[in-house]
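Data first, discussion second: the structure below is written as structure tokens.
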Amino acid sequence: MDVVVESGRRPHAGETLLGAKVSFLPGGKGLNQAVAAARLGTVAAMAGAIGHDAFGNTLRGFLADNDVDSSGVRALKGHATGLALIQVAGGDNAITVASGANLQFTSAMVRDRPRADEVWVAQFETPLETTHALLMQARRAGARTVLNLAPFAPHSARLLKCVDVAVLNEIELAQATGAKVRAASSRRLVGEACEKLRQRGARAVIATLGERGAVVVTADGQTNIPAFPAKVVDTTGAGDCFVGALAACLAKGATPIEAARYASAASACAVERLGAAPSMPTAKEVAVRLARA
């Protein structure tokens, strides 16, 4: 669950600010990405863990309302539903996560087995060994795999060998490669860092750069994806929208480059609304954005 606090600025250490606004919005990277894919017309299912609490019930209901199959979401006794405290100020955000039941999620909890016509998507908000096991199963079954290396965590060198498309922002790219990459870095530098990850096993690597668009690196080289114009309200969930839209497009047979362009348009729609999962656009909205380009 995302607890979103909006204020004119973020407080300094030890400071208390009055006059903020609070909202309770469904979130979590996996949920956001599943909802994004479903709203774009893709059959989507979610696997994960929640607590036996009010937030968990709300999240399961939200998945159902957005046509996401939640039969793979396990409610665990003795553990709280994951929570993210999101401070929004000046159109940007800072996030603190209390993982809760997510840390107890294991591959044994996933009853569905991958099929060759599916896309399996994972993030780093659940245990790394679970992520590795599930992506390895998906690869062996012939399914396409997408890994969002967020929030970044050190991982086994074997993990990327199970990944068809790796997605991460410039901060995570710097953490993953040791390259001195920033939001303002040249696309050439970003592309070189992406190639480092591709050499470790990922078949394609996509770096999302916010208002600067994205960089896609494949065996054929680097492609720069421009950003679509947007009136930014809240960037929370923009990266998740990108991943969900990317997966939805890949499921229809698109290449990583084609899917990244579609995902960029979807993200431009998402940042114009408050919240993460509630801001995910429909296929019609993305089609309009693409037509304007």
Side-chain angles (χ1 to χ4, degrees), residues 28-48 62-73 107 110-123 125-126 131 134-150 160 162-168 202-208 214 216-220 223 225 228 237-270 276-277 279-290:
K29 301 192 75 64
L31 180 145
N32 295 339
Q33 293 166 12
V35 169
R39 286 193 180 174
L40 294 170
T42 301
V43 176
M46 170 104 189
F62 185 81
L63 287 169
D65 290 343
N66 283 275
D67 296 324
V68 176
D69 180 352
S70 66
S71 60
V73 177
S107 58
V110 181
R111 295 170 187 164
D112 291 337
R113 290 293 171 259
R115 299 199 313 259
D117 61 344
E118 295 177 336
V119 176
W120 280 57
V121 184
Q123 316 77 26
E125 286 190 335
T126 48
T131 298
L134 292 174
L135 291 184
M136 192 160 52
Q137 287 178 24
R139 282 293 301 162
R140 287 173 177 170
R144 300 180 82 175
T145 57
V146 176
L147 176 63
N148 182 201
L149 285 75
L160 287 180
C162 304
V163 176
D164 285 310
V165 185
V167 184
L168 65 178
R203 289 148 189 82
V205 178
I206 301 176
T208 57
V216 183
V217 175
T218 68
D220 295 325
T223 302
I225 306 296
F228 288 75
D240 295 335
C241 179
F242 187 99
V243 174
L246 180 93
C249 212
L250 290 173
K252 297 176 182 177
T255 67
I257 294 171
E258 293 167 338
R261 184 173 185 274
Y262 184 85
S264 184
S267 298
C269 297
S279 72
M280 300 305 169
T282 64
K284 183 177 180 180
E285 289 171 322
V286 179
V288 170
R289 192 64 58 113
L290 285 166

| task | Would you give the length of the straight line joining atom SG of C162 to atom CZ of R140, rounded to the nearest 0.5 angstrom? | result | 8.0 Å
| Quick one: CZ on R39 to NZ on K284, what's the gap to the nearest 0.5 Å? | 15.5 Å
| query | Should F228 and L290 count as side-chain neighbours, where that means a heavy-atom distance under 4.5 Å? | reply | yes
| CD1-CZ distance between I206 and F242, expressed to the nearest 0.5 angstrom | 5.0 Å
| message | Counting only heavy atoms not in R113 (residues, nucleotides, ligands), do more than 12 fall under 6.0 Å from its CZ? | response | yes
| request: Taking the side chain as every heavy atom from C-beta outward, state whether D240 and N148 have any atom pair closer than 4.5 Å. | output: yes
| Are the side chain of D69 and the backbone of S71 linked by a donor-acceptor contact shorter than 3.5 Å? | yes
| said: When you compare the side chain of C241 with that of S279, does any pair of heavy atoms fall below 4.5 Å? | reply: no
| field | D164 and V146, any side-chain heavy atoms less than 4.5 Å apart | value | no
| query | Judged by atom type as modelled, is there a donor-acceptor pair below 3.5 Å linking the side chain of R203 to the main-chain atoms of V163? | reply | yes
| Main-chain N/O of D220 paired to T218 side chain as donor or acceptor, under 3.5 Å | yes
| said: Let me confirm one number: the CD-CG distance from Q123 to L168, rounded to the nearest 0.5 Å. | reply: 13.5 Å
| said: Rounded to the nearest 0.5 Å, what separates atom CG in L40 from atom NZ in K252? | reply: 7.0 Å
| task | Drop me the distance from C269's SG to E285's CD, to the nearest 0.5 angstrom. | result | 6.0 Å
